[in-house]
Amino acid sequence: MGWNSWNHFGGKVTDADIRSAADALVSTGMRDAGYVYVNVDDTWQGQRDANGVIHPNERFPDMKALGDYIHSKGLKFGIYSSPGPKTCARFEGSMAHEEQDAKTYAAWGVDFLKYDLCTFQDVMKAEPDPLLRKKLMVDAYTKMGAALRATGRPILYSLCQYGFDDVWDWGPQVGASMWRTTDDIKDRYERMFIIGNSEAELARYAAPGHWNDPDMLEIGNGKMTEEEYRTHMSLWALLAAPLLAGNDLTKMSPADREILMNKDVIAIDQDALGKQAVRVYQRGEFSVWTKQLSGGRTAVGLFNSSWTNFAPAVDLGKIAVEHGGHIHDVWMHEDLGVSHGELSLPVKSHGVRLLIIDPQ
Ligand code: GLA
């Protein structure tokens, strides 16, 4: 869990923005809620010197000092690069400099690397055989994984190659702890919901230390309604997704804070079993996801992606939890009593009901 600069600041991010984000993680209580990584995404890079050593650009005067500042707040420092010659924003990538860059990151105190395919796709295009093309990519990711390990510093390795070639199959082998499963999220309900739902078949690839990543959060960026952001947070929590906030933390509304810091929802995401939810039911615009939690509990999400509010009947015993149990609604902060059978709860348009069912 943490924060990443891209969704809000994009290519204009500065050292000052990152420091403000670190300060805000502490002052808002987000750090204590679990958001500890402060990740600088694309566009921090400057030029390489005569020895090939990468330097930041003028917006980032001193990366080691920035890392020290982040660490002084009890937070971790994340950075971004590409296996290609250039990043997606056409800044300097790590191709042919993997070991050197990994050493530089370690010297700056980096704790996390997002490694984004970007222009490596041009290198791949030159190879006509699809299997060899995949091998080129896997080799490139393997190379940086090995370079990070060789630094001796624990650096969480996050793959970003949009889910090509079943990355969930080979991600763990290259040393990755998480891998993006799709192309980029947008601050729009439809795009967010498609991305989350595209992980419906991937539950078995998630486990402690190995996470499917449906991309960073858009909560607080302003283009979805509160109800839609609750849906976003609920779906990501059920998916056991990495929770990387992507908003301006210095300008959060009370609703943004409440959504990002709901303790029960975070606990669903971070549950010790590390299970990803399964979509157990889908009819038209109504779907139900269940996630097995520790202590024999189950998280159940009821999603309504239609344009109208409705109260679908859910046969708990049949589609969610065999013997039912005590039901707690984590957004309403309300106990709904014991239920074993059919349940009918209103779910708003584009909304969600997120429940924890405890058989005890
Ligand atoms: C790609 C990634 C994004 C972001 C940008 C930066 O699009 O998927 O998450 O890192 O590159 O250029």
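Side chains included, hydrogens not; waters and symmetry mates left out as well; all remaining heavy atoms used. Counting starts at 1 for both ligands and their atoms, in listed order. Index from 1, following the sequence.
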Side-chain donor or acceptor of Asn57 paired with backbone N/O of Thr43 under 3.5 Å: yes
Ser82 (side chain) donor-acceptor with Asp116 (main chain) under 3.5 angstrom: yes
With a cut-off of 3.5 Å and sequence neighbours excluded, list every side-chain donor-acceptor pair involving residues 12-22.
{"unit_1": "Thr14", "atom_1": "OG1", "unit_2": "Ala16", "atom_2": "N", "d": "3.3"}
{"unit_1": "Thr14", "atom_1": "OG1", "unit_2": "Asp17", "atom_2": "N", "d": "3.1"}
{"unit_1": "Thr14", "atom_1": "OG1", "unit_2": "Asp17", "atom_2": "OD2", "d": "3.1"}
{"unit_1": "Asp15", "atom_1": "OD1", "unit_2": "Arg19", "atom_2": "NE", "d": "2.7"}
{"unit_1": "Asp17", "atom_1": "OD2", "unit_2": "Thr14", "atom_2": "N", "d": "3.0"}
{"unit_1": "Ser20", "atom_1": "OG", "unit_2": "Ala16", "atom_2": "O", "d": "2.9"}

side-chain hydrogen bond (donor to acceptor under 3.5 Å, both in side chains) contacts in which one or both residues fall within residues 23-39, not counting sequence neighbours: Asp23-Tyr69, Asp23-Lys73
Salt bridge (Lys or Arg N to Asp or Glu O under 4.0 Å) between Glu218 and Lys223, intermediate numbers included: CA-CA 9 Å; Glu218 291 282 10; Lys223 299 221 171 77; over 6 Å; no
Side chain to side chain contact (heavy atoms under 4.5 Å, CB included) partners for Asn51, two or more places apart: Asp49, Val53
Under 4.0 Å from ligand 1 - residues by heavy atom, chain and number: Trp6, Asp41, Asp42, Tyr80, Cys88, Ala89, Lys114, Asp116, Cys160, Tyr162, Arg180, Asp184, Met216
